[in-house]
Every structure is written in structure tokens, then in C-alpha cells.
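See structure below.
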There are 2 protein chains.
Amino acid sequence: MVSIKDVAEHAGTSFKTVSRVINNDAGVREETRERVQAAIDALGYRPNSAARMMRNQKSGVIGFISDEVVTQPYAGELLLGAQEVASEHDKVLMVVNIEHDRKRQQRAIDMLLERRVEALVYASYYHREIELPQEMLQVPSVLVNCFTTEAVLPTFVPDEVQAGYDATRLLIEQGHTRIGMITLNPQIVAAQKRLEGYRRALDEAGIAFDAELIVRGEPRFDEPAESACVESAVGSLMALDKRPTALVCGKDEFAMQVYFLLARFGLQVGRDLAVTSFDNQRLIAPGLTPGLTTMELPHLEMGRAALRCLFNRMDDRSTRLIPFSPIVRESHRLKA
Amino acid sequence: MVSIKDVAEHAGTSFKTVSRVINNDAGVREETRERVQAAIDALGYRPNSAARMMRNQKSGVIGFISDEVVTQPYAGELLLGAQEVASEHDKVLMVVNIEHDRKRQQRAIDMLLERRVEALVYASYYHREIELPQEMLQVPSVLVNCFTTEAVLPTFVPDEVQAGYDATRLLIEQGHTRIGMITLNPQIVAAQKRLEGYRRALDEAGIAFDAELIVRGEPRFDEPAESACVESAVGSLMALDKRPTALVCGKDEFAMQVYFLLARFGLQVGRDLAVTSFDNQRLIAPGLTPGLTTMELPHLEMGRAALRCLFNRMDDRSTRLIPFSPIVRESHRLKA
DNA sequence: TCGATGAATGACAACGTTGTCGAACATTAA
DNA sequence: TTAATGTTCGACAACGTTGTCATTCATCGA
């Protein structure tokens, strides 16, 4: 590889002068600068970042550890937001997908620390508690879409309670009082907190909570995977004496299935049942008829916020709740 | 940061001996090795990869340039396959999303070359022709899911013709002879080649091609975005004197809409119309009833194959067609 | 003509590592 | 005992860069 010395020889200067030129340092005669620049272009010289890193003791790299952010639909936005802010600060992300694997996680962290990352981001694709790799305390770090029992790092998570509240409010405002909910696996944070938001919205509106209206759309971690879960959930709601007139779905996939399942009862979303949901999956939500009103997870914004935090050195250990965006289409209101 | 010299001092040896220990070089007395190891652990020493890179003239990094692989649903699998093979060879990927932006692309390439990547991967999220950044010829490179007019690099793309053929075959084998097709934007490769495969399957089965059965599900690049495109496509198919009994959909999203739209005509997928499609979007295909039979894009395999090619130094400029996987569910056959 | 001043440039060390070579020491054979 | 051999270890240079300091050279005022 061509080095600063080769350029110097070609330009007939000392290599230090070349260094000055590539760093735009003052104190180089214009004529010399041009001569050096010509040599750089002629030889196709590129500064060696490894050498720079050694001198400057800075890598310019931020480590991004994710369980499966990259492979999960829409969650990649998180990465996108992070990349955007990083590159504004002339940093690059080094992304490693560890796939929930302990060994890979350790290897990833070792590798990143050996590369002298200036900071670490740990991102989960779904909101959950994690066991913090202790090495993360050695460099400025943030958690995104995940958290630890005791808050030891700046943490950015979606505001699930608010989202549950908003999704329910949209229906209440349309006059509904019998509002069903198809929940996610109750062991995950989103399921619990969104239900909490749902109850808060009912309370506030003076609507009594009815446990019959809460049904599960997916199995618990310890239960066998079951494809018909949403089907039986919808079935049990429809079997009620007083059927719900509106439904909050735990995710857009549930909503999609609801659109289909309703047909069995001669019902239609948007005519007989109002629906809201969570995620705003681009593949599903806009393509349904009527378009699905859904709460979009703030992935992009979490990615951005986390990196801004790193650059602002706000290592205050606090947990920031990032709001969902309501994507209002038609499914939450009924047409006569 | 603690260096090899600090460790040496702590262990009472020369720093060269420490180097030998961390590299597992022969010729270190067991007792010395243990003493050094203890010092390493005590000080929390980690080798500085920048210094190693300088000495060894190797970065251990492979650059991965993508337009939007990360943000697009399922296409992240491509990245996953690449990462898998890379890490088998003790290399790390440095991923940069350039979002179809010329400047970002240039910045990304400069950055990667300055970091002395050992190879470059250029991946597009949808199969298309690209303009090759000339700098890619400076290091071993491969193209994934994209290609150049003149083949100058090893290229890995999905076998669209075969997929079109297979998707159609599945229906022909069920006895269908009136097979409609909802195509993607005809300006993209997938649309053209899959249609070619469709025609080949018909020819082979002795079924006459009928242009009326080919309708467009999405606008061309130069047309305004239109959400009702699939709707009118299905409408025109249903208005035919001889309606098709089977349908090949350009993507799972089309299929999803078809499931809904059919209801307007009192028809049902799986009873009145057999359907196949492309992509196997995890969010959609398994959740439809009946389950959608669809051709899965070989993203994972393309990622793997591309990196294997890099490691095998097979820079033969040839184009490798990677086969789709037929994901057979129920939608391609009709129940009485 | 001289020293003083400032601008332009170069010599050198250092960053942390590994390859090369030689030195020190122990062991073996004669 | 001596020489030969092998084992263990350290001194030194080099990788490509930038910061520090010194040197060269032209210019200027006295």
C-alpha cells in the first residue's frame, strides 16, 4: 500500500509536509501544497486509518450490539437512526448481531473493545429486560429498547403505557365502551404495560374493566407455539353475550388475522368492529382495507436519541420513554 | 489504556514475552506464561487491534455497502448470511447503509478503503442493475442481489426465471390452465424474468399465453404512486369472460390484498382461486388463511455464497443464480 | 552589511504491536 | 572438561501516522 512516504518521495518533500497537506494544516506554501496534492492523486494515496488510530488513540468507531435488530422487519430503523447521528459526528457504527447467543455476545464485546470502540450501544429488537454484560461499563454505553433491573446506564425504551392508552383512547373517542384487547405474550413488557395503558384509558373514561374482554393472541414462552391462538381469541370474544364493538390488537399481524376471522361471523372491520393496533408494519397496515390505525414503535427516534445521548455525555443513568406515533388510518372508526 | 508494556512491567518480563503469551507462541516457560497471564488478567489488558493492524497489514474487516438492506423487512437475512460466513473466517463486517445517496456512497467507500477493508460486498435490497463504484476494483469485491451491464465482478442474484417457472408450475400441476399474473413494476428485473419463467411453464405444458391474464399490481417508476393498483388489477381479471382459476402474485403483499378483494366477488382463495406468490414475508404468508404458498427469496444463501466466494478467491466474474425456496402451504391448491 | 523576524520545511520520537536476530542459560555427548 | 545443541528470553526495527522542536531561507529594518 502506498504510504505518506511514497507520496513525499514522489513530490520531493519530507513526509511531514505531506501529513500537513492531508490534514490541511497551515504553513505550507501554496505551490508545495499543489505539488503534494498532485502526488497524492497520482499515486491514489489514502491515509491509513490504523496508523491514525494509533497516533490519535481514537478509533472513530461505535459498537452496536444487537440481538436480532437487523433481521427483524422494521426494527432496522433503530440502526438507521443510530447510523444517521453517528455519521453526523464522523463516527462509524460497527454492528454485530449476536442472535441471543452467549458466546457470540462475548466474542462480539471482546472484538469491539479490542478495536477500541469509543462507545457501545446495546439494542434489543423487542422491549425486554437484559442481563448487562459487565464490560459495557468500561466505555460510555447506552441501552436501547431494553433495560436492566437496576438502572446503571442511560436507557431508551418505548412508552408502552402511553401507547396502550392512546390506542384505547382512539376507540373511546369514537364512542365505544365495549373494547376488547388481544394481548401479546403476557410475559413481555409490552403486553403488561399496554394493558396498563388500556386500563388507565378506561378508568379515565369511567368505563368498567371487564376481564372477559382481554384475550391472548400468542402463547407464553413456556407454552408450545400455536398458530391458532388468535383464532381462538377472536372466537371467545365473539362468543360473549355482549360482543365488543372495538378491539385493540397487540400487533399488526393479529389485526390482519382479525380482518379475516371476522368474516366467519359475517362481520367486517370498519363496519361492525373498530380496530387499533401496534407496530405500523409497512407490509401490512397500509394494505388492509380499511387501512389499519396503529401505533408506530419509535425505532428511528430511539436510535437517534441513544446516540445523541452518547455524544452529549449525558450518562445520567436515567430511563427515557420515547413516544409512539399514532398512525391514523380508517380502521378505528366505523362507517355506517 | 493499558499496553503490552504495562503488562510486561507488572509481570517482570520484557514486552516481547508478553506478546508471545497473547499469541500463544512457543518457547515460553510454563511458569513465565502463568505469571504473564496473571498480569494480563490483573490489569484487564486487551490487545490493541489498531497496532496489530499496522504490524500485520491486515484489518480483518470486510466492508458491506448496502442501499437499504437493513431497513427492508426480510432482506436483512442477506446481512446475516454474510456475517455468519465472515465470522467463521474471523472477519468482521463493517456495514454502511447508503440509502441510494451518491454522496453517502462515496463517503462510505472512502471510509472503508481508509480502514483497509480486505474486501467489499455491495448488496441491493431488490434485484437491480447498479453503476459500479470504480474503487471497488481496488479490493476483492462481490455484488449481491445486483449486477452491472458488463460483468466485472463475481455476482450473486436470485434465479428469477426459475422462480417464475416454479410458481406457475405449482398451479399447472394442480390442473389449472387459466393462470393470471399480477406483476411487479415491469421496469424491474424480477417482473420481467418471472414473467419469462411463467411463459416458459405455460409453453412447456402446452397452454397458450393470454396477454389478458397479465395485469400490473404496482405503478412504474415514472407513474404516480397509486394504492388502488392491485384493486383494479384484480377487478380487470374478474371482469374477463373466462376468469382465471389460479393466480401468480408478484409479492406477498399483492397476495394479501387478493385475499381481501376476492371477497367482493363472493370468492375465496383456496376454494375458488389458487394462489402462489413470491417473498415468503414472515409477517404475511403464514398468517393468511389458507396459508400462502410462496417462493422465498434466497437472501440468506446469497449472503453466504457471496462471502464464501470472497474467501475462496473465486474472482471469476461469473454470475451465479441462486435458487428460490418454494414454501408450500395451502393456497396453491383448491379444496372442494 | 548585519542581526532580527517570520514563514516554510524537516528530523525525530512516539503510539502498540510482531518479526528477526542474537544473547544467556541449561543440557547433552564426547 | 569442552563443544555442541536446544530452550528461553530480550533488544531492536518496523508498520504509517502526527506532535514537538529545530533548521533553513527569504525578508526587513537599522
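In what follows, chains are A, B, ... by sequence order, proteins preceding strands, each numbered from 1. Values below: all heavy atoms of this structure, side chains included; hydrogens, waters and symmetry mates excluded.
- The shortest distance between side-chain heavy atoms of B:Ile130 and B:Asp67 does not fall below 4.5 Å.
- Every residue meeting the ring pair (Phe, Tyr, Trp, His ring centres under 6.0 Å) condition with B:His127, not counting sequence neighbours, appears here in chain and number order: B:Phe147.
- Distance A:Glu9 CD to C:dT9 P: 18 Å, rounded to the nearest Å.
- For the pair A:Glu31 CD and C:dT9 C1', the computed distance is 13 Å after rounding to whole Å.
- Contact between A:Arg320 and A:Cys309 at its shortest, heavy atoms only, is NH2-SG, 4.2 Å.
- If you check residues 106-115 of chain B against DNA chain C, you find no residue with a heavy atom closer than 4.0 Å.
- Atom CZ of B:Arg29 and atom C1' of D:dG10 are 14 Å apart (whole Å).
- Proximity of residues 33-41 of chain B to DNA chain D (heavy atom under 4.0 angstrom from any strand atom) is not detected for any residue.
- With sequence neighbours excluded, no residue satisfies side-chain hydrogen bond (donor to acceptor under 3.5 Å, both in side chains) with B:Asp90.
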Short heteroatom pairs, N/O only, protein and nucleotides 20-24 of chain C, under 3.5 Å:
none

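- Across all strands shown, A:Asp25 has no heavy atoms under 4.0 Å from either base or sugar-phosphate atoms.
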Write out a two-atom table: protein N or O, nucleotide N or O from nucleotides 14-17 of chain D, distance below 3.5 Å.
{"residue": "D:dA14", "atom": "N3", "partner": "B:Arg55", "partner atom": "NH1", "Å": "3.2"}
{"residue": "D:dC15", "atom": "O3'", "partner": "B:Gln57", "partner atom": "NE2", "Å": "3.2"}
{"residue": "D:dG16", "atom": "OP1", "partner": "B:Gln57", "partner atom": "NE2", "Å": "3.3"}
{"residue": "D:dT17", "atom": "OP1", "partner": "A:Tyr45", "partner atom": "OH", "Å": "2.3"}
{"residue": "D:dT17", "atom": "OP1", "partner": "A:Asn48", "partner atom": "N", "Å": "3.0"}
{"residue": "D:dT17", "atom": "OP2", "partner": "A:Ile4", "partner atom": "N", "Å": "2.5"}

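- Ionic pairing of A:Arg104 and B:Glu84 is not present here: no N-O contact between side-chain nitrogen and carboxylate oxygen is shorter than 4.0 angstrom.
- No side-chain heavy atom of B:Met94 sits less than 4.5 Å from a side-chain heavy atom of B:Val92.
- Rounded to whole angstrom, the span from the CD atom of B:Glu30 across to the P atom of D:dC9 amounts to 11 Å.
- Judged purely by atom type and a 3.5 angstrom limit, A:Ser66 has no side-chain atom pairing as donor or acceptor with the backbone of A:Ala123.
- Distances shown here put a side-chain N or O of B:Thr32 below 4.0 Å from the OP1 or OP2 atom of D:dC9.
- Annotation: side chain of B:Lys91 is in contact with side chain of B:Phe311 (closest heavy-atom distance under 4.5 Å).
- If you check the side chains of A:Asn145 and A:Ser124, you find no donor sitting under 3.5 Å from an acceptor.
- The neighbour count for B:Glu9 CD, taken as heavy atoms of other residues, nucleotides or ligands under 6.0 Å away, does not exceed 12.
- For B:Arg116 against A:Arg46, the heavy-atom pair with the smallest separation is NH2-O, 2.8 Å.
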Margin query: Does B:Val70 form a side-chain contact (heavy atoms from CB on, under 4.5 Å) with A:Gln83? I'd like the steps, not just the answer.
Written below: CA-CA 11 Å; B:Val70 178; A:Gln83 210 169 57; over 6 Å; no
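- Across all their heavy atoms, B:Ala305 and B:Ile322 have their closest contact at CB-CD1, 4.3 Å.
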